[in-house]
Structures are given as structure tokens and as C-alpha cells.
There are 2 protein chains.
Amino acid sequence: MPSITRRPGAQPGRPATAEAELLAAVRRLLAGGATFTELGVQAICKEAGVARSTFYIHFKDKAALLLGLGAEFTSSSFAIASSWQPQDGPEALADVFSHIVAVYREHAPVRRALAEVAAYDETVRAFWDAELQPFTAGTIALIRLEQDAGRIPADLDPVAVTRIVVPGGERAIVDQVDHGDPAADDAFTRELALTWWHGVYRRPT
Amino acid sequence: MPSITRRPGAQPGRPATAEAELLAAVRRLLAGGATFTELGVQAICKEAGVARSTFYIHFKDKAALLLGLGAEFTSSSFAIASSWQPQDGPEALADVFSHIVAVYREHAPVRRALAEVAAYDETVRAFWDAELQPFTAGTIALIRLEQDAGRIPADLDPVAVTRIVVPGGERAIVDQVDHGDPAADDAFTRELALTWWHGVYRRPT
DNA sequence: ATTGTTTTTGGACATAGTGTCCGGACAGAC
DNA sequence: GTCTGTCCGGACACTATGTCCAAAAACAAT
């Protein structure tokens, strides 16, 4: 059987695109509902129309490929999120969350795969931790600044509250993206903003 | 090589304990820092001192064994959590969270494995969803009751807020258990209670 | 003690996937 | 045309899974 030597999607002008083909294949398979873990190198290569040996030229293993996919995600969100300050009010905070929800929806399959693999693979876990770390550091710093300015009570524990706001808030956003109606996104981001506003940034004394 | 026919830990009085031996072995391996995913049936059997064929007599596969381990977890927490009402005040809520944190610390390795596998295995995901579902339903119901009584504003979205409180709160607890100092547990549960109190249950109008 | 029942053993077997290697084919660039 | 880098396709050793079965051990009777 002579097989299909040239993959169909190969641009004639471009030099060598097996790598891009593999990344696109995984994106496609994930979007189709597959779980990254149950996805084998064989299946990925078949979907990509690429020889299995070619896979290992570009990626050490499946996890390395996922990190390549993760690059598409790298926090454009952080710049927007860190721009918010309590002076801007809860409506502006809701806008920040709307932006993050939009990013999460756009990259939902890849984000899901990253979270999935981060639970058992060290390198992916490190990548995702690094992704969230700026939010954690930024939130702690912001709370301390507000405490120094007397706008947040000094007896509030910044580290404990940041556990609630960052990993907790992220999880809530994931839940909305995975299970919630997109039409309800605005109501959700409003509630998230108001909960942090009255629960953390302007908690009554 | 004649091999060690009888495993060392076998109680002579008890009838057939290979199953318990396997469960204990996995608990041991998880507590030793292993990831459930990277744990093979072979490794489990070796640790348990049980023949590999015996494994399949008791469990269909690794996931089935994990569900057996999950039984040790089944929500004793829910009864305590559902007993709280806003009338009891935020200090009582903090006590509820302290109880949940204690349960999470006690079963940390198994809980971690359940969360890990739930990300890619359907049956484990269903088990864990069923575990959290009472909290979700209870929180939505509680908020609606408080709205009917006029103690929570009617324009608060109960479903959206419950995403924040239940999956979000659980994630925060996991973060505290996995990364936080146990000595700081009380400070954490206090902050969690106060955040939900002022952010949700007694949000200022 | 002998017998019967139940559980476990240890190995065989088919299947499937991983990671490595290499000769050869094939493009675009010079 | 030849060179160069990429890709193919298959071979190979290895690891693990899941199924099966006859023999052995442990247990519970009488």
C-alpha cells in the first residue's frame, strides 16, 4: 500500500509544517470532545496525517506538545487584570472578569487539557502555576497596598484571601465556561465582582 | 524461584483480604507522593504483594479501585455543612469550614487522586460530581430562601453565586490544604467565612 | 484427618502502545 | 542537477494491559 505520502494540508510555499500540523490536530481532537490523556501519539499522528516517527522529531512526548499548545494561552489576561484597582469600582472589575471569561471560552479545549494534565505531569503543572502566579502575587500586593492606605482592615489575611480570590475565582470562571450559558456570562461576572468587592475589597467593618 | 507465596500482612483469621490489601497499597503509594495516573496495575500489585491476576478478580480496572477508595470519603461533610444557616453568623460558618478542611487534610492523597482522575475518566467524574452536588443544590436553595425572606437582595443571581461559593470555595480549601500551613487553617476558614458573609449572605445594598 | 469450597497464585497469551533508529524519498534552494 | 533539511515508513525492543486456566493454598466444615 503506497499510502498518502504528502499530507493534504501542506502549504506548497511553506517549508516544513509537520509541527503545526500536529498542534492543529490536537486542537481539533480536543475540540471534538476527546480527553488529552486518552489521546495517544498514534491517534494524534493519524489525525495530523504525519508519520509517528516525525512526532518525536518535534516533541519529546505528549506533554511537550501540550506546552506548545499552551503558548497560545499565555496571559494576555494578566495585563488587563492587573490594571484594575479598587478605585475603579466593582463595575470595572466585572469588565475585567468578562475579558477573562472570553479568553477562557476561546481556548476552552486547550485550557481544559492543561488543567487535566497539570494534575499528574510535573512540567505542565509548573507551566500552569507560572501562568497563575502573577495573579496571586498581584492580588497579595494590591491587598497590602490597600491595607497601608487604610481602605482594607489590617486584620484581613492577604494570603488566605488570595487563595479564595485567585484559585477560587479561577475555578468559578471555569465552572461558568464549562457548564454555564454564555448568555449568563454578564450576570456571572457581575456576581463575581460584587462578591469580591463586598467580601474583600470593601468588606464592611 | 519459588517466590513468597503468602503475603506478609495476611491475617490468618480473616477470609480473603486481597481486596483490602490492594486498597491499602494504593493509599500507601499515594501518600508516598505517587500520582495515581503514573501508577500501574503492576506497581500496585507489587506493593500489595498480590498476584496481578487477583487484581482483576476484584476490580475491573484502576478507576474502579479508586472509586472503592473514594467510599472512605463520602460526604460526612455535607450533613455538617447543610446545618448552617445565616442566622448562625459567620463564626459558625468558619467552624463548618474548619471541619471540611480537617476532612480534606485527613484524606488528602485520595482526594487528590479523585480530582486528578475525574479530569479524564467519566466514572470518577460522575462520582465526584455526585459528591459535590448536594452542596450546590443546598446553597442555591438557601440563597432563594433568604431572598424570599428579604435578607438577600432579589437581584442577586443564585446560580452564578453558587458557582463562586461551591466550586470556587472548594478550590480555595484545596489550595489551603495542599499549600498552606496547617497552623494557618483557622485564619483561612475565618477569611472564607467572612468573604461569603459580606460578599454573599449579607452583601450591603 | 479428610473433604469440599473459595480464594489466590503464577504463568501464558493476545493486544496495544511507546520511544528509538535508520534507509530512502522528496521537496525547495542554490 | 546537486545539496540540504524534512519527512516517511517500517523495524525493533520494551512495557503494560486484560483474559484465561490449572494448580495450590487457605478456610470451614464434618
Side-chain angles (χ1 to χ4, degrees), chain A residues 1-26 29 34-68 113 116-117 120-124, chain B residues 1-26 29 34-68 113 116-117 120-124:
Chain A
M1 225 168 296
S3 79
I4 313 100
T5 304
R6 290 284 87 187
R7 63 226 117 84
Q11 281 99 334
R14 287 268 166 249
T17 46
E19 183 169 331
E21 215 78 51
L22 287 164
L23 291 169
V26 171
L29 289 165
T35 276
F36 188 78
T37 302
E38 74 192 16
L39 226 56
V41 175
Q42 296 212 111
I44 294 168
C45 292
K46 187 173 180 183
E47 171 71 22
V50 158
R52 204 167 62 85
S53 57
T54 304
F55 179 96
Y56 292 101
I57 294 172
H58 297 281
F59 304 105
K60 201 179 119 304
D61 53 27
K62 252 171 55 180
L65 186 149
L66 186 54
L67 291 181
E116 176 190 328
V117 179
Y120 58 84
D121 182 274
E122 184 52 36
T123 66
V124 175
Chain B
M1 227 169 294
S3 81
I4 313 100
T5 303
R6 286 288 84 185
R7 64 226 116 87
Q11 281 100 334
R14 288 266 166 249
T17 45
E19 182 169 332
E21 217 77 50
L22 287 164
L23 292 169
V26 172
L29 290 165
T35 277
F36 188 79
T37 302
E38 75 193 13
L39 226 55
V41 174
Q42 296 213 110
I44 295 168
C45 291
K46 187 174 182 182
E47 171 71 21
V50 158
R52 205 167 60 85
S53 57
T54 305
F55 179 97
Y56 293 102
I57 294 171
H58 297 281
F59 304 105
K60 199 178 122 304
D61 53 27
K62 253 172 51 180
L65 186 150
L66 185 56
L67 291 181
E116 176 190 329
V117 180
Y120 57 84
D121 181 276
E122 184 52 37
T123 67
V124 175

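Not measured: the values here are computed from a predicted model. Throughout, a chain's letter reflects where its sequence line sits, starting with A, and its residues are numbered from 1.
Side-chain proximity of B:V41 to C:dT18, D:dC8, D:dT17: nearest is D:dT17. Of the listed nucleotides (C:dC21, C:dG11, D:dG18), C:dC21 has the atom at the smallest distance from the side chain of A:S53.
Partners of B:T35 by side-chain hydrogen bond (donor to acceptor under 3.5 Å, both in side chains), not counting sequence neighbours: none found. Under the side-chain hydrogen bond (donor to acceptor under 3.5 Å, both in side chains) criterion, A:T123 pairs with A:D121, sequence neighbours left out. A search for side chain to side chain contact (heavy atoms under 4.5 Å, CB included) contacts involving A:A64 returns A:F59, A:K60, A:D61, not counting sequence neighbours. For A:A24, the side chain to side chain contact (heavy atoms under 4.5 Å, CB included) test picks out A:R28, with sequence neighbours left out. Take A:E122 and apply the side chain to side chain contact (heavy atoms under 4.5 Å, CB included) test, not counting sequence neighbours, and it matches A:R125. A:T37 pairs by the side-chain hydrogen bond (donor to acceptor under 3.5 Å, both in side chains) definition with A:E116, A:Y120, not counting sequence neighbours.
A:F59 has its CZ atom 15 Å from the P atom of C:dT18, to the nearest Å. Taking atom CG of A:D61 as the reference point, atom C1' of C:dT20 lies 14 Å away to the nearest angstrom. Between B:L65 atom CG and D:dG18 atom C1' the separation is 16 Å, expressed in whole Å. Between the NZ atom of B:K46 and the P atom of C:dT8 there is a distance of 21 Å, given to the nearest Å. Look at CZ on A:F55: it is 16 Å from P on C:dC21, rounded to the nearest Å. At whole-Å resolution of the value, CG in A:L22 and C1' in D:dT6 are 13 Å apart.
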Trace of the side chain to side chain contact (heavy atoms under 4.5 Å, CB included) decision for A:E47 with A:L39: CA-CA 11 Å; A:E47 171 71 22; A:L39 226 56; over 6 Å; no
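Contact annotation: B:Y56 side-chain N/O to D:dT19 OP1/OP2 distance is not under 4.0 Å. The phosphate of D:dC7 (OP1 or OP2) has a side-chain N or O of A:H58 nearer than 4.0 angstrom.
Annotation for B:E21 and B:A48: closest pair CG-O, 3.4 Å, computed over non-hydrogen atoms.
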Every protein N/O lying under 3.5 Å from an N/O of nucleotides 14-16 of chain C:
none

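Separation of atoms CG (A:L29) and NZ (A:K46) is listed at 11.0 Å; rounding is to 0.5 Å.
Axis orientation changes by 10° from one end of the helix from C:dA1-D:dT30 to C:dC30-D:dG1 to the other, with each end axis drawn from 5 pairs and the value rounded to 10°.
Nearest-nucleotide mapping onto DNA chain D: of A:R52 and A:I57, the residue sitting toward the 5' end is A:I57.
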